[in-house]
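Note on naming: letters A, B, ... go to the chains in the order of the sequence lines (proteins, then strands), and numbering restarts at 1 for each one.
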Protein chains: 2
Amino acid sequence: MRNFRKATLADVAARVGVSAITVSRALRMPDKVSPRLREEIARAIDDLGYVPNPAARTLASSRTNVIGVIIPSVTNNVFAEVLLGIYTALESTDYDIQLANSRYSALREESLLKVFLGQKPAGLIVTGIDQSEKSRELLERAACPVVQIMEIDDNPVDLMVGFSHYDAACAATRHLIEQGYRGLGFIGARMDPRSQRRLRGFRDTASGAGLFSESRVITTTAASTVTLGAQLFAELIDRAPDLDAVFCNNDDLALGVMFEAQRRRIPVPAWLGICGFNDLEMMATAEPPITSVRTYRYEMGRHAVNMLVEAIEGSGGESKTIDLGFEIRKRQSSNLVASDLIGKF
Amino acid sequence: MRNFRKATLADVAARVGVSAITVSRALRMPDKVSPRLREEIARAIDDLGYVPNPAARTLASSRTNVIGVIIPSVTNNVFAEVLLGIYTALESTDYDIQLANSRYSALREESLLKVFLGQKPAGLIVTGIDQSEKSRELLERAACPVVQIMEIDDNPVDLMVGFSHYDAACAATRHLIEQGYRGLGFIGARMDPRSQRRLRGFRDTASGAGLFSESRVITTTAASTVTLGAQLFAELIDRAPDLDAVFCNNDDLALGVMFEAQRRRIPVPAWLGICGFNDLEMMATAEPPITSVRTYRYEMGRHAVNMLVEAIEGSGGESKTIDLGFEIRKRQSSNLVASDLIGKF
DNA sequence: ACCCCCTATGACAGCGCTAACATCGAGAAC
DNA sequence: GTTCTCGATGTTAGCGCTGTCATAGGGGGT
C-alpha cells in the first residue's frame, strides 16, 4: 500500500504541479501562499502521507527545533514534575526536547552543554545557577535563549524561573520556631548547591533566634531516600538528644524521619516537629500529615518552555526572571500545642 | 578566538591534507584508516574543535542514531526508574534518546509512533503489549528493531523485556492467603492493561481458594497517588467490613492504605494485611515495613537498550524475549502471626 | 501611459555529510 | 615478469530541504 521511498517535498510539489519551494512555504509561512494552492497542497500532503524530514530541514536552514534540557536527575520526583510541565507545554508547539542528565556533576553538565550547542538548539533549559565557569561562558555565548530553572538570583545568564531556596528555608525554620520548638535540627542529603542554600537559610534563621547548634545538623552527599532519612535521623537523635524539631532538605527524608520516630515511639509533633521540602503529594496524606514547603515544579517547567518559545519567536517582552515563590504548608507534624509543652519543661 | 563558521569535515580534511571521506572514515570505521593518518586527523579535530553535524550525517546516510522511547508517564516513579536504566545504558553508546509521553492513551501512542517512524529511528522502545491494531501494524513494518518493555507474552512484535504482571499478582495473592488472611481485597488505580492483568491474577487466585468477593474490589481510572490509596481504602473498608487484607495495584496506594489504617487505628498487620506492588525504596522503611512485589525497573531499561543496540548492530543472537521476573518481598505489613488470629475468630 | 511596488511563485545553489564506485600501489601467487 | 588481490585513499553525486535572488503579473499613483 505504501511505496518504498518516503514521499518528499518534491513528490508533493510534482503532484500539485508547483515547485518544491512553494510547498515548503505552504508549510512554514502559509500566508505567503495563495489559499487555493495551499488547500491543494494540503490535500496532496495528506494523500502521499508526506512527513517533513527534520534532518534535511535542519541542514538546510542551520536551525533546529530542538530544545535541550539538562537536569541533574530523572528519578527525583521533583525533576520528574518539572519535566512533566516541560513536556506538556511543549506539546502545543512544534519544538522537540532533548533531555540529558547531568547527575549532579558540573563537569558532565559542561560536556553535555558542548554537545548540545554543537547542534545549534533552538533553546536551552538548564538547572540551577551553579554552572561551572566554562559552562557559564558557553551559555552566555550561546546563539539561543537559555532558561535557568529551579532557582533565581539577580545574575541570570538570560531567562530564569524558580524561587529562592534560601528564603524558603528561612520561612520553614521560622515556622518551627514560632510553633515553639527550640532544639532545631537539619537533615540534608545530596547537598547540591540548592540544598546548601537551604541549609544556609536554616542556619541563619536559627542563629538569629539563638537556636542554632552545629550538633543538630547532619548531612550527606548521598542521594536522598526515605531510608536515608530514617538512618540520618537515627544517627542525629542519638547524638543530639536535645533535638525537638527537624527541617528536612526534602520530603523523602522527612517521611523517613517520621517512620523512624514512630519506630522509636517518639510522638510527632509533641516531642518532635517535622518539616519537609517540596510538598510532594503524599505529605498531606501521611499520618500524621507532614508540614512541608510547597514548591511549584510543574509550573516551573511550563514557564520555562513558554519563556523560551517567546524568546525564540521574538514575541518576548515579558519579564526575564520569574519568581514562582513557595508556601509553607502547615500540618500536624509541626503543630506543637500548649499542652504538649507542659511535659517538656 | 573561535571563528564564526563552525569547523566542518572539509576543514579537518584540508588541514590534514586528505579528503573529507577519509576523515569521515576515521571517525566511523577507524580500522579502515592507517594509524598514522588516524592520529593526525584526531589532532586536527581537536585543534579545530570539530563536532560532527548530526543532521548532515542523518540526511546523507538516511539513518539516525536516535532511539525513540514511548512511555505512558514521566512522573510515575516506576517509569522514571526505567528511564534511568535507559539513559544509563545509552551513555556508553552513541545513540540519542527521543522520549515521548503517551499519557496512557493508545491513540496518542499511535500518533507518536507515526512521528517517530517518519524520522527513521535506529530503534524503538514502547511500553506494554497493548498497542492499538494500527500501532501494532506500524511497529511490525518498522525498519528498525523494536523492544516492548514492562511486560512479556508470547506474541512479541520483535524484542521484549519485562515480566508477567498476572503471575506476580497471583504470587502476591497466594502470599496473603498463606499468611492466613481470608477477606482479601484489591485496590487499583489507573487500571491500564497491566493493572487489569494484576487484578485478573488476584481474582483468579482468590477465587481458586474460594476467597474472592467482588465487594472487596475497588478500582478507579484516576492516576494512583498516596492520597487516592487512603481514599479508596476508606471507601472499601466502610463497604466491606470483612476485609482483612488488601493487595494494592502499586506502592503509592499501599502507603495510602497504611496511613488511613493508622488514622482509623486499624492494626497492621493484625487486622489488616497490606501488599503493594513494585517495591519502591520507601516500602522497606515504612513503619511497619510494607510487603511488596519487587520488580526490576532499572534493569528493564538497561536490557531494553542493550537488546536494541545488539539488534541494530547485528551482533544479536541473544534471546528475543527476556523475563526479568519478580520477587515477593515479605515484610511486617502482611506478617499475620498465630496470636493475631486469636482475636479474629 | 509610465513607473513603482507588492504579491505569488520559481530557479538555483548549497547546507555537511556519506554511499558507491574508482583508483592506486604493493605484495602474493603463479 | 605478469596477473591477481587487497588495503588505503579519492571522486562523484546526491540525501531533502531552505535561503537568496529572480521573475511575472497586477494594481495604484500621477
- Task: Can you measure from CG (A:N65) to OG1 (A:T58) and round to the nearest 0.5 angstrom?
- Result: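 Going from CG on A:N65 over to OG1 on A:T58, the span is 6.5 Å.
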Show each protein N/O and nucleotides 17-20 of chain D N/O combination with a separation under 3.5 Å, one pair to a line.
| unit_1 | atom_1 | unit_2 | atom_2 | d |
| --- | --- | --- | --- | --- |
| D:dC17 | OP1 | A:Y50 | OH | 2.4 |
| D:dC17 | OP1 | A:N53 | N | 3.3 |
| D:dC17 | OP2 | A:L9 | N | 2.4 |
| D:dT18 | OP1 | A:R28 | NE | 3.3 |
| D:dT18 | OP1 | A:R57 | NE | 2.8 |
| D:dT18 | OP2 | A:S24 | OG | 2.3 |
| D:dG19 | OP1 | A:R63 | NH2 | 2.9 |
| D:dG19 | OP2 | A:R28 | NH1 | 3.0 |

- Give the nucleotide from the list C:dG10, D:dG10, C:dG16 with an atom nearest to the side chain of A:L59.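 Selected nucleotide: C:dG16.
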Can you check the [X] [atom1] to [N] [atom2] distance for me, whole Å?
| X | N | atom1 | atom2 | value |
| --- | --- | --- | --- | --- |
| B:D31 | D:dA8 | CG | C1' | 12 Å |
| A:E40 | C:dT9 | CD | P | 10 Å |
| A:L48 | D:dG16 | CG | C1' | 15 Å |
| B:K120 | D:dG16 | NZ | C1' | 10 Å |
| B:N65 | C:dC17 | CG | P | 14 Å |

- Between protein and nucleotides 22-27 of chain D, map the contacts as a letter string: B base, S sugar-phosphate only, - none, heavy atoms under 4.0 Å, written 5' to 3'. ------
- What residues, two or more places apart in sequence or in another chain, satisfy side chain to side chain donor-acceptor pair (under 3.5 Å) together with B:Y50?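 In terms of side chain to side chain donor-acceptor pair (under 3.5 Å), with neighbours along the sequence ignored, B:Y50 is linked to no residue.
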- Query: B:E140: what forms a side chain to side chain donor-acceptor pair (under 3.5 Å) with it, not counting sequence neighbours?
  - Reply: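 Expected list: B:R136.
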- Base, sugar-phosphate, or nothing: which does B:S62 touch, judged by heavy atoms less than 4.0 Å apart?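 Contact class for B:S62: none.
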- Item | All pairs passing side chain to side chain donor-acceptor pair (under 3.5 Å) where residues 122-132 of chain B contributes a residue, at least two apart |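 Non-adjacent pairs meeting side chain to side chain donor-acceptor pair (under 3.5 Å): B:E110-B:S132, B:D130-B:R197, B:Q131-B:Q148, B:S132-B:S135.
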- Message: Angle between the two end axes of the helix from C:dA1-D:dT30 to C:dC30-D:dG1, five base pairs per end, rounded to 10 degrees?
- Response: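 One end's axis against the other's: 30°.
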- Would you please name every residue forming a ring pair (Phe, Tyr, Trp, His ring centres under 6.0 Å) with A:F116, sequence neighbours left out?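 Per chain and number, A:F116 pairs via ring pair (Phe, Tyr, Trp, His ring centres under 6.0 Å) with no residue.
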- List in chain and number order the residues that pass ring pair (Phe, Tyr, Trp, His ring centres under 6.0 Å) with A:Y95, two or more places apart in sequence or in another chain; answer none if no residue qualifies.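 With sequence neighbours excluded, A:Y95 shows a ring pair (Phe, Tyr, Trp, His ring centres under 6.0 Å) to no residue whatsoever.
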Per the salt bridge (charged side-chain N to carboxylate O under 4.0 Å, His left out) rule, what does the pair list look like for [range], sequence neighbours excluded?
| range | value |
| --- | --- |
| residues 16-34 of chain B | none |
| residues 56-71 of chain B | none |
| residues 79-101 of chain B | A:R103-B:E91, A:R108-B:E91, B:E81-B:R297 |

- Query: Where do B:M160 and B:V147 come nearest, in terms of heavy atoms and distance?
  - Reply: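 Looking at all heavy atoms of both residues, the shortest contact is N-CG1, 4.0 Å.
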Please list, one pair per line, the donor and acceptor atoms closer than 3.5 Å that link side chains of residues 117-126 of chain B to other protein atoms, with sequence neighbours excluded.
none

- N or O in side chain of A:S34 less than 4.0 angstrom from C:dA8 OP1/OP2: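 No.
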